[in-house]
Protein chains: 2
Amino acid sequence: MRADARRNRQRILDTAYDVLAAEGVGVPIDEIARRAGVGAGTVYRHFPTKESLIEAVVLDRIHAMTDKARSGIDFTAFFAFMVEAGLANRAIADALASGGYQIPADAEAALNTAFAELLQKAQTAETIRSDITPDDLKALIVGCVATARHRGDTDLVQIVVDGLRP
Amino acid sequence: MRADARRNRQRILDTAYDVLAAEGVGVPIDEIARRAGVGAGTVYRHFPTKESLIEAVVLDRIHAMTDKARSGIDFTAFFAFMVEAGLANRAIADALASGGYQIPADAEAALNTAFAELLQKAQTAETIRSDITPDDLKALIVGCVATARHRGDTDLVQIVVDGLRP
DNA sequence: CGACAAACGGGGCGGGCGTTCCGTATATTC
DNA sequence: GAATATACGGAACGCCCGCCCCGTTTGTCG
């Protein structure tokens with residue numbers, strides 16, 4: 001692979017990350033190309049469809065979330081972290097909420113596992129109600145992101161966390 | 001106004017209600033026109049823009065919500081009713097969540113007042129934490145709709161309601 | 001029934017956006 | 001430095017959708 005090609009690929013990824021986080025998945029490819037200082041054709045050479053570009057960007061965030069869940073973080077803090085991530089990154093929120101973009105199965109499975117372990121630990125420690133499932137939590141996070149976006153802050157997340165106590 | 005014009009106007013409104021509820025605001029006007037059995041031109045004669053048609057449909061729902069709030073309903077039931085309404089009607093959910101479509105000021109004010117009174121009563125009766133504002137509640141409803149849509153049911157709403165107790 | 005205004009329908013226009021194409025430029029190799 | 005493969009940019013294409021236009025139809029009224 002030529003050096004300029006590799007450089008451009010990285011520039012596109014970095015720019016796409018910023019623009020998608022700020023604007024969400026509705027942003028035109030031309031806009032990402034313009035801000036990255038390349039032509040639209042160059043974007044399409046590296047990522048065959050718009051969807052594949054978004055997938056590449058989202059995948060990186062999924063990995064970050066998985067790492068966070070495995071880092072020994074406390075459950076409540078992780079919940080807050082996820083909501084912050086959704087609030088800061090419209091593309092992530094869209095991808096999680098609508099399910100329109102499918103994440104590679106192994107990456108999603110890894111996140112799910114790390115996620116379930118964290119929940120299990122919190123339930124064993126009786127911090128969280130035992131009748132909550134990982135799927136429940138994902139749905140609640142999606143809801144908290146919507147709430148936080150509507151309000152502009154994450155203050156109300158505490159209410160949901162309170163409701164999760166045994 | 002000619003009889004056929006009035007009939008068509010009503011058909012368009014009824015159809016738009018169904019289609020918007022099912023598909024959300026992204027649905028093309030042509031689709032609404034087709035299902036109503038009229039041409040697109042006819043839709044635009046009655047409603048000068050797409051936005052004005054959506055507004056007309058949403059306004060009707062706002063009135064229904066206001067009536068419900070004034071009906072002496074119990075707070076928790078009203079909360080559930082609002083979430084159900086958002087779940088059943090994507091256009092309502094979009095309109096509430098994004099704020100992209102502005103509702104006539106008097107209709108919105110009436111809903112807000114009825115809403116605040118209901119909350120006030122619940123707080124006086126010590127059913128709901130006293131530090132919650134009407135705006136907080138609206139944001140939480142938006143979040144519950146997102147959660148419910150993601151899950152397909154409203155089971156998790158109880159968690160938020162639990163978190164609202166004093 | 002006839003005349004006229006009102007309403008209808010759907011083809012068409014314009015703008016936006018995803019995607020492709022190709023003439024040009026540049027990195028690499030010898 | 002020449003030859004070649006690789007990559008670049010942005011014009012162009014096709015599709016979708018909101019909105020408009022106008023020839024045709026239909027309701028209304030004397």
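Per chain, numbering begins at 1; letters A, B, ... match sequence-line order.
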Original post:
Taking OP1 and OP2 of C/dC8, is either one under 4.0 Å from a side-chain nitrogen or oxygen of B/N8?
Top reply: yes
Original post:
OP1 or OP2 of C/dC8 less than 4.0 angstrom from a side-chain nitrogen or oxygen of B/H46, does that happen here?
Top reply: yes
Original post:
Counting just side-chain N and O atoms, does B/T42 come under 4.0 Å of either OP1 or OP2 of C/dA7?
Top reply: no
**OP:** Assign A/V43 to base, sugar-phosphate, or nothing according to its heavy-atom contacts below 4.0 angstrom with the strands shown.
**Re:** nothing
**OP:** Please tell me which of the listed nucleotides, C/dC17, D/dG18, D/dC8, lies nearest to the side chain of B/P28?
**Re:** D/dG18
Subject >> Polar pair under 3.5 Å, donor/acceptor by atom type, side chain A/R2, base D/dA7 >> reply: no
**OP:** Tell me what A/A40 touches on the nucleic acid: a base, only sugar-phosphate, or nothing, going by heavy atoms under 4.0 Å.
**Re:** base
**OP:** Might you work through the side-chain contact (heavy atoms from CB on, under 4.5 Å) test for A/R9 and A/M1, ending with a clear yes or no?
**Re:** CA-CA 11 Å; A/R9 189 190 152 86; A/M1 192 185 223; 4.3 Å; yes
Original post:
When the distance from CG of A/L53 to P of C/dT19 is rounded to whole Å, what number comes out?
Top reply: 10 Å
Original post:
At under 4.0 Å, does any side-chain N or O of A/Y44 touch on OP1 or OP2 of C/dT20?
Top reply: no
**OP:** List the steps and the verdict of side-chain contact (heavy atoms from CB on, under 4.5 Å) for A/I128 and A/R165.
**Re:** CA-CA 5 Å; A/I128 298 294; A/R165 282 205 273 262; 5.8 Å; no
Original post:
Over how many whole Å does the gap from B/R45 atom CZ to D/dC22 atom C1' extend?
Top reply: 11 Å
Original post:
Do A/R35 and A/D14 meet the salt-bridge criterion of a basic N to acidic O distance under 4.0 Å?
Top reply: no
**OP:** Among D/dG18, C/dA7, D/dC8, find the nucleotide with the atom closest to the side chain of B/K50.
**Re:** D/dG18
**OP:** Using a heavy-atom cut-off of under 4.0 Å over every strand shown, decide if A/A3 touches base, sugar-phosphate, or nothing.
**Re:** sugar-phosphate
**OP:** Mind calculating the distance between CZ (A/R9) and P (D/dT6) to the nearest angstrom?
**Re:** 17 Å
**OP:** Can you tell me the distance, in whole Å, between the CD atom of A/E31 and the P atom of C/dG16?
**Re:** 13 Å
Subject >> Which nucleotide in D/dG18, D/dG10, C/dC17 has an atom nearest any side-chain atom of B/I29 >> reply: D/dG18
